[in-house]
Amino acid sequence: MSIKVTKRSEDYSRWYTDVVQKAELADYGPAKGTMVIRPYGYAIWENIRNIADRKFKETGHVNAYFPLLIPESFMKKEAEHIEGFAPECAVVTHGGGKKLDEPLYIRPTSETIIWSMYKKWINSYRDLPLLINQWVNVVRWEMRTRLFLRTTEFLWQEGHTAHSSYEEAEEEARKMIEIYRQIAEDYMAMPVYVGKKTDAEKFAGAVYTYTIEAMMGDKKALQSGTSHNLGQNFAKAFNVTFLSKENKQEYVYATSWGVSTRLVGGVIMAHGDDKGLILPPKIAPYQLVIIPIWRTAEQKILLLEEVAKITHQFNKEDVRYIIDDNEQTSPGWKFNQWEMKGVPLRMEIGPKDLRITGSCWCGATPVKNNLSQQRICSPLLPDCWKRSRIVCFSALLNSETGIPMKLIIMLISKRSSKAVAL
RNA sequence: CGGGGCAUAGCGCAGUCCGGUUAGCGCGCCUGCUUUGGGAGCAGGAAGUCGCAGGUUCAAAUCCUGCUGCCCCGACCA
């Protein structure tokens, strides 16, 4: 494997696939268009997922699971829906060695199977609203695939809600696109435009489709999350009605909304540079990499003792860190490797001094700078690592502001006016 | 589905035009010693159904036919 990635200015697409593979985020699966999400890439997805899941639950949603296989007749109940999805569906025709009486669709999305169940569960306005989400895989047979951005199978969440009025459904659809905006901007440092899709572009079966669109490094927009007001389309298709307070039968109003592993592709393109990934601290698998540098065995022991004192504090503060004390690779190799993987901050701790380097994040704006090396103190003197500084350091990594480095430099290295100006 | 490219060691490639020893090179991997603050050095070593199937030939990675897979660029999608 070559050491460097293709420069963005040379070939943006190749740069992207290089970074995905060399940062060990994902690899190609054996079947066409499939992707293996490797542990480092999956950790980013898990962080995004945990943030989203918490926000869904804070807004009253609950998780459930609906089946992967959907009878063909279900798919065909909503005319626009099947028209929109049929060409990109994978269909199971055989099972148990026999041809099936009715083909089973592998879910491209779950509106149909979920609404068939909602029909059983909704009888009166007292059953509403019904606010269910699921974290699952879906399959869409795409012509052209790219890791994370468009793969045959991908991971996502799909929320499916049922309401007693059009206004309430509309409010839900807008509420969820706002949550997606917050996840993109406040956690992934990825600015987005919130907008409504044209009739041609909207989801098949929706009344309105709202999306967040993120701007990538090649100046192309990436649709990064969608929220649909489905009106009564699926309720009518599956005959889901409820008895209102006024004792009248009415069709239920619905929404659905989702974000997928495409978000991981978005964050790569939004921030990465010619040295590899650059990850926002809030979703980075490791927010900090600690690289001890030693010459002798005694130095190594001493250094690791110091590192343990520091990490003891990080454990309390929930800082995600990794100590790279691998003896098989050189410090230089480690620097480049972790830069490829986009770890926000690096702490070099050696016989001479301790340095912190990394990227600067200013809120949702993806302003980033490789900071000049900041010397702090000599780590071989046990008292030099001021406890208060560690507290600041770890608290900043966890702050809601998303601007760890700026403040770290101000607090820790006051003499560097250039860094403060960042 | 159209256009282009590729398939040889784990990865990246050369060799193919013009058939001919034991199929090479770089990185990685294994062993040993020296190293370690920006991708370390030396020495030794392991590793290949040359994408698959036919054909031509004394002889095929190389020529012919068919097939398969993948990547990139376009139209569609989260």
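Proteins get letters first, then strands, A, B, ... in listed order; numbering begins at 1 in each.
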*Assign each of A:Ile293 and A:Glu201 to its nearest nucleotide of RNA chain B by heavy atoms, then name whichever residue's nucleotide is nearer the 5' end.*
A:Ile293
*For RNA chain B, determine which residues of residues 149-158 of chain A have any heavy atom closer than 4.0 angstrom to one of its atoms, and list them numerically.*
A:Leu149, A:Arg150, A:Thr151, A:Phe154
*Distance, rounded to the nearest Å, where A:His160 contributes NE2 and B:A78 contributes C1'*: 13 Å
*Could you list all the ring pair (Phe, Tyr, Trp, His ring centres under 6.0 Å) pairs where at least one residue sits in residues 208-233 of chain A, not counting sequence neighbours?*
A:Phe203-A:His228
_I'd like to know whether NZ of A:Lys7 has more than 12 heavy-atom contacts from other residues, nucleotides or ligands below 6.0 angstrom._
no
*Counting only N and O atoms by type, is there a donor-acceptor contact under 3.5 Å from the side chain of A:Gln157 to the main-chain atoms of A:Val259?*
yes
*Should A:Ile132 and A:His160 be marked as a side-chain contact (heavy atoms from CB on, under 4.5 Å) after you check the CA-CA gap, both sets of side-chain angles, and the distance that decides it?*
CA-CA 5 Å; A:Ile132 294 181; A:His160 297 272; 5.5 Å; no
*Just jot down the salt bridge (charged side-chain N to carboxylate O under 4.0 Å, His left out) partners of A:Lys300, sequence neighbours excluded, or say none.*
A:Glu327
*asked:* Under 4.0 Å, heavy atoms only, any strand: does A:Glu142 hit a base, just the sugar-phosphate, or nothing?
replied: base
*What integer number of Å spans the C1' atoms of B:G19 and B:G12?*
27 Å
_Rounded C1' spacing from B:G66 to B:G24 in Å_ = 30 Å
*Can you tell me how far P of B:U35 sits from CG of A:Asn326, to the nearest Å?*
19 Å
*For A:Thr226, report the nucleic acid contact type (base, sugar-phosphate, nothing); a contact means any heavy atom under 4.0 Å.*
sugar-phosphate
*Judged by modelled atom types alone, do A:Gln223 and A:Lys197 share a side-chain donor-acceptor pair under 3.5 Å?*
yes
*Any chance the side chains of A:Asn137 and A:Arg107 put a donor and an acceptor closer than 3.5 Å?*
yes
I'd like a list of close polar pairs between nucleotides 70-72 of chain B and the protein, N/O only, cut-off under 3.5 Å.
{"from": "B:C70", "atom 1": "OP1", "to": "A:Lys32", "atom 2": "N", "distance (Å)": "2.8"}

*Report the distance from atom CD of A:Glu327 to atom P of B:U36, rounded to the nearest whole Å.*
13 Å
*Consider the side chain of A:Arg295, meaning its heavy atoms from C-beta on, and name the nucleotide among B:A78, B:G39, B:U36 that approaches it most closely.*
B:U36
_Distance, C1' atom - from B:C72 to B:U16, rounded to whole angstrom_ = 23 Å
*Between A:Thr151 (side chain) and A:Leu147 (backbone), is there a donor-acceptor pair under 3.5 Å?*
no
_Reading 5' to 3' and counting Watson-Crick or G-U wobble pairs with both distances under 3.5 Å, write the dot-bracket notation for RNA chain B, | for bases paired outside the strand._
(((((((..((((......[...)))).((((((.....)))))).....(((((..]....))))))))))))....
*Provide, to the nearest angstrom, the distance between the CD atom belonging to A:Gln223 and the P atom belonging to B:C76.*
13 Å
*What distance, rounded to whole Å, do you find between the two C1' atoms, one in B:G4 and one in B:U62?*
24 Å
*Test A:Arg174 against every option in A:Glu170, A:Glu172, A:Glu178 by the salt bridge (Lys or Arg N to Asp or Glu O under 4.0 Å) rule and name the one that passes.*
A:Glu170
*Rounded to whole angstroms, how far apart are CH2 on A:Trp338 and P on B:G39?*
19 Å
*Closer to the 5' end of RNA chain B via nearest nucleotide, is it A:Lys197 or A:Trp294?*
A:Trp294
*Are any non-hydrogen side-chain atoms of A:Ile290 and A:Asp324 less than 4.5 angstrom apart?*
no
*asked:* For A:Glu201, give me all partners under side-chain hydrogen bond (donor to acceptor under 3.5 Å, both in side chains), at least two apart in sequence or on another chain.
replied: A:Thr198
*Do other residues, nucleotides or ligands put more than 12 heavy atoms under 6.0 Å from A:Tyr166 OH?*
yes
*Could you work out which one of B:G38, B:G39, B:A78 sits closest to the side chain of A:Lys275?*
B:G38
*How far, in whole Å, is B:G51 from B:A61 if one measures between their P atoms?*
10 Å
*Rounding to a whole Å, what distance do you find between A:Met340:CE and B:G38:P?*
18 Å
_Determine whether the aromatic ring centres of residues A:Trp115 and A:His81 are separated by less than 6.0 angstrom._
no
*Quick one: A:Trp141 CH2 to B:C1 P, roughly how many Å, whole number?*
13 Å
*If the C1' atom of B:U36 is compared with that of B:A9, how far apart are they to the nearest Å?*
30 Å
*Can you tell me how far C1' in B:C77 sits from the matching atom in B:C63, rounded to whole Å?*
44 Å
_Between B:A60 and B:C33, how many Å separate the two C1' atoms, rounded to a whole number?_
45 Å
*Using whole Å, report how far CG of A:Asp324 lies from P of B:G38.*
15 Å
